[in-house]
Amino acid sequence: MSEAAESIAQWRRRLAGRFLVFDGPDGSGKSTQVHRFTDFAQARGVTVCEVREPGGTAIGEEIRRVLLDHCTGDLDVAAEMLLYMASRAQLIAERIAPALRRGELVLADRFVSSTLAYQGTAGGMRLDDIRAVAAIACRGVTPDLTVIFDVTEETAASRLSPLLDRMEAKGAEYHRRVRQGYLDQAKRDPAHYLVIDANGDAKSVWNALIDQVALRLAAH
Ligand code: TMP
């Protein structure tokens, strides 16, 4: 087999039937990398189920509108957490679990790690309470790897559009805690998390991502 064909076969083995999450603070650039990773995997013959949270189903997109719209007003943090989880439960039932059963790569833009960082570390909910609700919503589905795209507050702020949604508008101190929440999760569970420095341009972040994901999935 040629070197190129060998590399394609290797990536197929690494990715088929896996569940990867790309996550990080608002303005981390993760969504750009999600789309790029989908193209990369598809070019290697892997069927990809790409999803985003909140959303990804008809019901989930309705919940997303409620969560991100300023008209929603002051939403209690427990209600907020349960709405994110409701969107997730539907997404798992309708799309993620069936795709994994078919042996596809599931690539999620945000997952439980977001709820732990936003409603937990930043919002003040107990992380164990969030994990207990996640156990109901996720029905045993857990990511093989959660990649955290880490950015300083300055980088994140410089990448956001001036029209902030309800979550983005929560202020600098809230978003500082969100970042810390992600870093704490990665520190606590290094086997399932990978932190990528996402302060550079999209190309250098991509190169670091591919190198490190290859290493991490080879070890699985
Ligand atoms: P997005 O802009 O990356 O699509 O994410 C939507 C917003 O929702 C973003 O500000 C992060 C926030 N969020 C939470 O607060 N908790 C969650 O569980 C999820 C999935 C997202």
Side-chain angles (χ1 to χ4, degrees), residues 19-38 50-57 59-92 94-96 106-138 141-143 146-151 153 155-157 159-182 184-185 196 198 205:
F19 180 15
L20 301 186
V21 173
F22 288 5
D23 209 335
D26 292 281
S28 66
K30 68 183 164 42
S31 303
T32 305
Q33 304 295 342
V34 166
H35 303 320
R36 195 160 178 178
F37 200 90
T38 293
E50 183 190 309
V51 294
R52 73 161 179 182
E53 285 205 339
T57 63
I59 294 162
E61 291 296 326
E62 286 291 306
I63 297 173
R64 180 182 179 91
R65 197 180 44 74
V66 172
L67 280 164
L68 301 187
D69 197 335
H70 286 284
C71 298
T72 299
D74 202 9
L75 189 59
D76 171 73
V77 69
E80 187 176 275
M81 184 275 279
L82 290 166
L83 284 170
Y84 280 112
M85 281 299 179
S87 168
R88 182 166 300 135
Q90 188 67 28
L91 185 65
I92 288 175
E94 219 178 289
R95 296 196 54 201
I96 295 182
V106 174
L107 182 55
D109 186 333
R110 299 194 180 280
F111 199 60
V112 176
S113 38
S114 281
T115 320
L116 292 168
Y118 282 78
Q119 284 68 49
T121 311
M125 290 207 72
R126 283 163 37 100
L127 300 187
D128 279 343
D129 288 346
I130 295 175
R131 290 191 188 102
V133 179
I136 299 169
C138 298
V141 174
T142 52
T146 298
V147 181
I148 304 299
F149 292 86
D150 180 49
V151 280
E153 289 107 77
T155 304
R159 287 178 183 168
L160 290 180
S161 107
L163 292 174
L164 302 181
D165 65 33
R166 196 186 64 86
M167 295 303 294
E168 289 166 345
K170 280 184 184 270
E173 178 51 28
Y174 182 90
H175 287 284
R176 193 194 59 69
R177 292 200 300 273
V178 167
R179 180 188 183 198
Q180 193 54 51
Y182 282 120
D184 291 348
Q185 289 175 55
I196 298 281
V205 173

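Here the structure is a predicted model, which is why all the values come from computation and not from measurement. One-based numbering along the sequence shown. Both counts, for ligands and for their atoms, begin at 1 and track the order of listing.
- Applying the 4.0 Å criterion to heavy atoms of Lys30 picks out, from ligand 1, the atoms 3 (O).
- Looking at Arg88 against ligand 1, only its side chain comes within 4.0 Å, counting heavy atoms.
- In summary, of the residues considered (Leu75, Val66, Asp69, Asp74), a side-chain contact (heavy atoms from CB on, under 4.5 Å) with Arg166 occurs for Leu75 alone.
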| message | Between Glu50 and Thr38, does the side chain to side chain donor-acceptor pair (under 3.5 Å) criterion hold? Intermediate values first, please. | response | CA-CA 7 Å; Glu50 183 190 309; Thr38 293; 2.7 Å; yes

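- Considering backbone and side-chain atoms alike, Tyr84 places an N or O below 3.5 Å from some N or O of ligand 1.
- Between the side chains of Glu168 and His175, no donor-acceptor pair of N or O atoms lies under 3.5 Å.
- Scanning Pro54, Ala122, Ala108 for the heavy atom closest to atom 6 (C) of ligand 1 points to Pro54.
- When non-hydrogen atoms are compared, ligand 1 lies under 4.0 Å from neither the backbone nor the side chain of Val112.
- The shortest distance between side-chain heavy atoms of Asp26 and Tyr118 falls below 4.5 Å.
- The contact set between ligand 1 and Thr115, taken as ligand atoms under 4.0 Å from a residue heavy atom, comprises 17 (C), 18 (O).
- Considering backbone and side-chain atoms alike, Asp26 places an N or O below 3.5 Å from some N or O of ligand 1.
- When heavy-atom distances to ligand 1 are checked against a 4.0 Å cut-off, Glu80 has no atom that comes that close, whether in backbone or side chain.
- Between Glu53 atom CD and Phe111 atom CZ the span is 6.0 Å, to the nearest 0.5 Å.
- Checked against Tyr84 for a side-chain contact (heavy atoms from CB on, under 4.5 Å), the options Val112, Leu67, Val133 give a single hit: Leu67.
- Residue contacts with ligand 1: Asp109 is placed with no nitrogen or oxygen under 3.5 Å of a nitrogen or oxygen of the ligand (distance criterion only).
- In terms of polar-atom proximity, defined here as any N/O pair under 3.5 Å, Ser31 makes no such contact with ligand 1.
- The residue from Met81, Arg64, Met167 that puts a heavy atom closest to atom 4 (O) of ligand 1 is Arg64.
- Neither the backbone nor the side chain of Arg52 has a heavy atom within less than 4.0 Å of ligand 1.
- For ligand 1, the atoms closer than 4.0 angstrom to any heavy atom of Gln119 are 14 (C), 15 (O), 16 (N), 17 (C), 18 (O).
- Here the protein heavy atom with the shortest distance to atom 7 (C) of ligand 1 is Leu68 CD2, 3.7 Å.
- Ligand-side atoms of ligand 1 in range of Tyr118: 10 (O), 11 (C), 14 (C), 15 (O), range being under 4.0 angstrom from any heavy atom.
- Among all heavy-atom pairs drawn from Gln185 and Leu116, the shortest one is NE2-CB, 3.4 Å.
- In terms of protein heavy-atom proximity, atom 5 (O) of ligand 1 is nearest to Arg110 NE, 3.0 Å.
- Between the Arg179 side chain and the Val151 main chain, a donor and an acceptor come within less than 3.5 Å of each other.
- Looking at heavy atoms from C-beta onward, Glu61 lies in side-chain contact with Arg64 at the 4.5 angstrom threshold.
- Applying the side-chain contact (heavy atoms from CB on, under 4.5 Å) test between Val34 and each of Asp23, Val51, Val147, Asp109 identifies Asp109 as the sole match.
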